[in-house]
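Here is the structure we will look at, set down as structure tokens.
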Amino acid sequence: MLIRRPWTTDPTGGLDSVFATAAEAAGHPCSSDLNGTASFGFGSIPTTMVDGIRRSAAMQYLLPILDRPNLKVLGKTRVLSVKINQGRAVGVDCANAAEGTSQFIPAGEVVLAAGALSTPQLLMLSGAGDPDDLRAVGVRPAIDAPGVGRGLSDHPDITLNLEVSQDALPAITRNHQPGPAFSTALHFPAERTGTKNALELLITSTPNHKLFGSEAPQHGTQEHLLMLGLMSPASRGSLRLRTADPFESPFIDYNYLDAAGDQTALRAGLREILHLLTDSAMQEVFVSLPRLSGDMPNEEVLDDDDLLNRWISDHIGTRFHTSGGARIGPVDDPESVVNQRGQVHQVQCLRVADLSLLPSVPCRGTANTSVFIGELISDFMT
Ligand SMILES: Cc1cc2nc3c(=O)[nH]c(=O)nc-3n(C[C@H](O)[C@H](O)[C@H](O)COP(=O)(O)OP(=O)(O)OC[C@H]3O[C@@H](n4cnc5c(N)ncnc54)[C@H](O)[C@@H]3O)c2cc1C
């Protein structure tokens with residue numbers, strides 16, 4: 001995977017510079033490498049965007065080797081379940097919905113890399129899960145694996161919409177180089193509250209209408225997103241089948257904010273955001289501060305933990321970094337699903353090679369960790 005940084009020593013103008021100025025004024029250090037060992041500060045986000053193109057794992061790994069005689073890629077094909085015969089995975093049942101065809105593909109070994117939402121779902125559809133839960137939806141249990149679907153871990157996110165003032169627009173756009181949607185991040189601990197939970201604040205360099213392909217705002221300005229993520233959450237969620245139909249989405253309970261420390265950290269993060277937004281560099285650019293409540297000043301809401309908790313719970317979303325659901329652990333731990341080589345306990349010739357095997361979500365964006373997991377598991381197979 002090729003890694004590029006949108007900027008090295010100085011942000012390239014636009015909102016990145018405004019954001020960096022405000023972060024520095026608030027006492028945050030500049031980090032020359034957000035992937036490095038210094039964990040906190042503001043800096044350029046390492047990306048896999050090269051020459052304006054975001055390189056996916058498929059582009060980097062699969063496209064260059066498509067002509068290998070021992071490789072066949074089936075597009076538009078959905079795996080419905082893994083066939084487990086007497087404790088051994090022997091292949092997968094697949095369907096091509098576009099052509100209305102289905103087939104069984106036999107395999108010496110099956111590696112599930114369907115992601116942290118689909119891999120646990122596929123394991124359950126294949127009979128690996130809590131036997132009572134499986135029977136309740138009409139799936140015949142093959143192995144007793146109650147940890148499947150449990151322990152989901154994700155970065156909860158709070159996103160604020162900010163409007164750039166008409167006066168500031170020319171300065172914001174003048175020196176700004178087009179690049180990734182996110183170029184600058186601030187990593188900081190929620191330490192004022194005593195919790196070490198790490199927080200990440202991102203500002204979009206690209207305006208919302210370009211990011212989402214929507215109409216530009218009529219009033220001649222542009223909107224950007226300021227996103228607060230809780231990167232070391234303690235709360236754990238779960239996933240279970242709603243039906244035995246593989247085309248039905250599973251029921252996902254993220255269970256964000258279950259751990260009191262997660263709420264405390266997000267409150268601290270929100271207070272920090274509102275503080276940063278009062279910086280003069282920010283105030284020159286944005287039309288007005290986001291209102292936390294229609295009829296109360298922000299200060300009153302920020303001072304009241306209960307009000308703030310309620311606001312957070314009304315505005316919580318996902319960073320799309322879901323991990324867990326088939327986690328690594330020793331075979332005698334009922335909550336663990338795979339061993340350190342990704343092999344599913346109690347089933348021969350079945351592995352997991354994606355974020356679902358992690359016990360907790362990594363504390364940064366998950367894309368490259370998932371690639372690393374693929375590399376690691378493939379090493380175990382050779
Ligand atoms: C909108 C969005 C933006 C993101 N932005 C970033 C970012 O900027 N930086 C970052 O670090 N992370 C980002 N992420 C997170 C990152 O992309 C994921 O964490 C990572 O891709 C997870 O890798 P994975 O291999 O576990 O699963 P996935 O990447 O989800 O791969 C699973 C694959 O399996 C396929 N699949 C699933 N079920 C089946 C089935 N039944 N049959 C056949 N195929 C199946 C899926 O189509 C998919 O191709 C983003 C995620 C989203 C959704």
Side-chain angles (χ1 to χ4, degrees), residues 1 3-6 34-35 44-49 53-62 72-82 91-98 102-103 105 107 110-126 152-155 157 159 179-185 187 200 202-206 211-213 225 227 229 231 239 241 245-250 252 317-328 338 342 351-358 360-378:
M1 300 301 288
I3 305 294
R4 297 285 183 273
R5 288 173 173 77
L34 289 181
N35 276 355
S44 178
I45 300 177
T47 76
T48 54
M49 186 182 251
I53 295 174
R54 186 169 171 160
R55 310 283 185 114
S56 67
M59 286 172 77
Q60 291 301 112
Y61 284 85
L62 213 45
K72 189 169 178 184
V73 179
L74 299 179
K76 297 189 171 63
T77 302
R78 188 178 181 118
V79 174
L80 308 179
S81 64
V82 181
V92 290
D93 280 315
C94 303
N96 184 318
S102 60
Q103 62 175 318
I105 302 176
V110 175
V111 183
L112 289 177
L117 299 179
S118 293
T119 286
Q121 181 191 19
L122 277 173
L123 285 170
M124 290 182 201
L125 289 168
S126 313
L152 285 193
S153 174
D154 188 21
H155 297 144
D157 176 274
T159 296
F182 302 93
S183 326
T184 306
H187 297 158
E200 181 180 73
L202 304 174
I203 192 155
T204 46
S205 331
T206 310
L211 204 56
F212 302 119
L225 304 177
M227 302 168 74
M231 309 311 276
L239 176 151
L241 296 181
D245 181 350
F247 292 94
E248 283 278 343
S249 302
I252 303 160
T318 174
R319 277 268 167 107
F320 305 108
H321 292 164
T322 313
S323 305
R327 78 163 163 83
I328 277 182
V338 301
R351 290 192 205 240
V352 171
D354 58 33
L355 293 178
S356 53
L357 54 69
L358 295 180
S360 59
V361 65
C363 66
R364 296 293 163 237
T366 40
N368 265 9
T369 305
S370 64
V371 174
F372 164 74
I373 291 170
E375 288 270 7
L376 190 72
I377 300 297
S378 74

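In listed order, ligands and their atoms are each counted from 1.
Applying the side chain to side chain contact (heavy atoms under 4.5 Å, CB included) test to R4 and every residue at least two apart in sequence or in another chain returns L2, T47, V50. Applying the salt bridge (charged side-chain N to carboxylate O under 4.0 Å, His left out) rule to R54 yields no partners; only residues at least two apart in sequence or on another chain are considered.
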Tell me which donor-acceptor pairs under 3.5 Å the side chains of residues 365-374 have, and how far apart each pair is, sequence neighbours excluded?
{"unit_1": "S370", "atom_1": "OG", "unit_2": "A367", "atom_2": "O", "d": "2.6"}

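Taking the side chain as every heavy atom from C-beta outward, T184 and I45 never approach each other to under 4.5 Å.
A distance limit of 4.0 angstrom between heavy atoms and ligand 1 selects the residues R54, T77, R78, V79, A113, A114, G115, S118, L122, F320, H321, D354, L355, G365, T366, A367, S370.
When all heavy atoms of L239 and M124 are compared, the pair lying nearest together is O-CE, 3.2 Å.
Between the side chain of Q103 and the backbone N or O of N96, no donor-acceptor pair lies under 3.5 Å.
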